[in-house]
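This is the structure, below, for whatever I ask next.
Here the structure is a predicted model, which is why all the values come from computation and not from measurement. When a residue number appears, it is its place in the shown sequence, counting from 1.
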Amino acid sequence: MVILASAALLLLGAASGEWKAEAQTAADSTRYAPDSAATAPDSPDRYRLRKVVLDAGHGGKDRGCAGVSAREADVALSLVLALGKQIEQNMPDVKVIYTRKTNVFVELDERAAIANRNHADLFISIHCNAGPSQSHGTEVWTMGLHKTTANLGVAQRENSVILQEKNYQSRYNGFDPSSPQSHIMFSLFQSAYITNSLRFAQRVDRQLRTTVSRPSRGVKQAGFLVLWKSTMPSVLIESGFLTNPTEERYLNDKANQTYMAAGIYRAFREYKRELEGG
């Protein structure tokens with residue numbers, strides 16, 4: 001019954017063409033949006049966002065996509081470290097946990113497992129995109145049904161990382177990264193956290209568009225394995241296209257990386273304050 005309700009919710013979002021953060025599931029409203037009238041602002045029982053897991057995509061033997069000189073694994077790590085530094089400096093009450101802080105390979109399921117073992121409140125995975133040289137802009141993704149072939153293509157590219165892992169078929173229950181049917185099946189996971197995943201994703205998209213002045217390709221959904229088993233709201237941020245020479249230069253610049261991280265931090269601060277009723 002729960003699975004069918006989740007599927008119906010996902011299909012409704014796909015059919016409408018957009019998502020509304022106000023449409024809550026029972027799990028979201030219970031865990032993350034307590035009744036403000038019943039819980040005083042200074043109550044010790046009031047919800048607080050205490051742990052965030054930051055995931056730099058790819059790494060080690062998996063360099064990800066590439067431009068002329070920049071590699072996705074390196075740019076993603078720089079963005080994650082810049083974001084983590086800002087959270088640590090400005091929010092001492094939040095514990096920042098990294099899936100990697102150096103150039104090492106971490107399996108996709110282990111990234112979610114790190115978040116689960118630490119009982120994280122939010123999972124943020126940062127990547128870079130690839131496509132035709134004219135493609136540009138940021139994308140913010142949550143787990144869900146892909147609405148277009150292009151959306152499916154992004155998920156297939158990111159999920160193909162598992163081909164570099166040992167025993168990937170048994171590790172991912174027979175998941176085939178080239179199969180649209182596999183992506184539809186896995187997109188049904190994370191539905192219990194879809195409202196707050198989308199709430200945070202929309203704030204990231206807005207900050208990157210307005211504060212950072214980055215072109216946006218919107219908030220989207222598809223079946224990403226890195227988000228699959230995380231038991232908390234989760235998003236995947238595509239910071240831009242390394243295959244676009246202009247965007248590659250932008251993303252490979254330390255000052256711009258810090259600037260983009262500041263935009264994501266602002267979204268995180270907004271999201272935290274909203275959930276905590278502050």
Exam field: side chain Asp55 to backbone Thr99, donor-acceptor pair closer than 3.5 Å | no
Please tell me if the side chains of Thr231 and Tyr193 come closer than 4.5 Å, counting only heavy atoms from C-beta onward.
-> yes
How many angstroms lie between atom CD of Glu72 and atom CG of Leu251, to the nearest 0.5 angstrom?
->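 Taking CD in Glu72 and CG in Leu251, the distance rounds to 10.5 Å.
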Nearest atoms (heavy-atom pairs only) where Ser216 meets Gly218 |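 Minimum heavy-atom contact is OG-N, 2.9 Å.
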Test Ile124 against every option in Ile87, Val53, Val235, Val204 by the side-chain contact (heavy atoms from CB on, under 4.5 Å) rule and name the one that passes.
->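 Passing option: Val235.
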Side chains of Phe200 and Thr142: does their closest heavy-atom pair fall under 4.5 Å?
->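 They are not in side-chain contact.
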Taking C-beta and beyond as the side chain, do Ser239 and Met260 meet within less than 4.5 Å on heavy atoms?
->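 Result yes, sub-4.5 Å side-chain heavy-atom pair found.
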Decide side-chain contact (heavy atoms from CB on, under 4.5 Å) for Ile97 and Val52; before the verdict, give the C-alpha distance in whole Å, the side-chain angles of both, and the deciding distance to 0.1 Å.
-> CA-CA 6 Å; Ile97 301 158; Val52 58; over 6 Å; no
Taking only residues two or more places apart in sequence, or in another chain, which ones meet Arg206 in a salt bridge (charged side-chain N to carboxylate O under 4.0 Å, His left out)?
-> Glu270
Can you tell me how far the CZ atom of Arg269 sits from the CG atom of Leu49, to the nearest 0.5 Å?
-> 14.5 Å
Looking only at heavy atoms, what is the nearest atom pair of Cys65 and Ala130, with distance?
-> CB-CB, 3.7 Å
For Ala73 and His58, the nearest pair of non-hydrogen atoms, with its separation, is CB-CB, 4.1 Å
Please list, one pair per line, the donor and acceptor atoms closer than 3.5 Å that link side chains of residues 74-82 to other protein atoms, with sequence neighbours excluded.
unit_1: Ser78; atom_1: OG; unit_2: Asp74; atom_2: O; d: 3.2
unit_1: Ser78; atom_1: OG; unit_2: Lys254; atom_2: NZ; d: 3.1

Say whether, by atom type as modelled, one donor and one acceptor occur between the side chain of Arg100 and the main chain of Ala56 under 3.5 angstrom.
->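 Yes; judged by distance alone, with no hydrogens or angles, the pair exists.
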Mind listing the closest non-hydrogen atom pair of Asp253 and Ala255 along with its distance?
-> OD2-N, 3.0 Å
In terms of side-chain heavy atoms, does His127 have a donor or acceptor partner in Glu238 at a distance below 3.5 Å?
->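 Distance-only check fails for His127 and Glu238.
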So do Val94 and Lys272 actually touch side chain to side chain, heavy atoms under 4.5 Å?
-> yes
Value rounded to 0.5 Å, distance of CZ in Arg63 from CZ in Arg71 |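 Rounded to the nearest 0.5 Å, the CZ-CZ separation comes out at 4.5 Å.
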Which atom pair, heavy atoms only, marks the closest approach of Tyr98 to Lys85?
-> OH-N, 4.0 Å
Should Glu139 and Arg217 be marked as a salt bridge (Lys or Arg N to Asp or Glu O under 4.0 Å) after you check the CA-CA gap, both sets of side-chain angles, and the distance that decides it?
-> CA-CA 5 Å; Glu139 297 172 341; Arg217 296 165 65 93; 2.7 Å; yes
Tyr265 and Met91, any side-chain heavy atoms less than 4.5 Å apart |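 The answer is yes; the side chains approach within 4.5 Å.
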Same hydrophobic cluster for Leu83 and Leu208, using side-chain heavy-atom links shorter than 4.5 Å among ILVMFWY?
-> yes
CG of Asp205 to OG1 of Thr138: how many Å apart, nearest 0.5 Å?
->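 It comes to 5.5 Å.
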At their closest point, which heavy atom of Glu247 faces which heavy atom of Phe241, and how far apart are they?
->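 Looks like OE1-N, 2.6 Å.
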Full working for side-chain contact (heavy atoms from CB on, under 4.5 Å) between Arg117 and Glu110 = CA-CA 10 Å; Arg117 286 196 299 268; Glu110 175 59 17; 2.6 Å; yes
Taking the side chain from Gln221 and the backbone from Trp141, do they hold a donor-acceptor pair closer than 3.5 Å?
->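 It does not hold such a pair.
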Roughly how far, to the nearest 0.5 Å, is CG of Leu54 from OG of Ser125?
->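 If we round to the nearest 0.5 Å, Ser125:OG and Leu54:CG are 10.0 Å apart.
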Without swapping roles, check the side chain of Asn252 against the backbone of Glu248 for a donor-acceptor pair under 3.5 Å.
->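 Not at all, since once roles are kept as given, no pair shorter than 3.5 Å links the two residues.
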Is Arg203 salt-bridged to Glu274, going by a charged N under 4.0 Å from an acidic O?
->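 Judged by the 4.0 Å cut-off on N to carboxylate O distance, Arg203 and Glu274 do form a salt bridge.
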Working to the nearest 0.5 Å, report the span between CG of Asn118 and CZ of Arg50.
->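 So the gap between those two atoms works out to 15.0 Å.
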Is Lys51 atom NZ crowded by more than 12 heavy atoms from other residues, nucleotides or ligands, each under 6.0 Å away?
-> yes
Does Arg214 count as lying over the ring of Tyr250, i.e. NZ or CZ under 6.0 Å from the six-ring centre, within 45 degrees of the axis?
-> yes
Are Gln134 and Asn244 close enough that a side-chain donor and a side-chain acceptor fall under 3.5 Å?
->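 Side chains of Gln134 and Asn244: no pair found under 3.5 Å.
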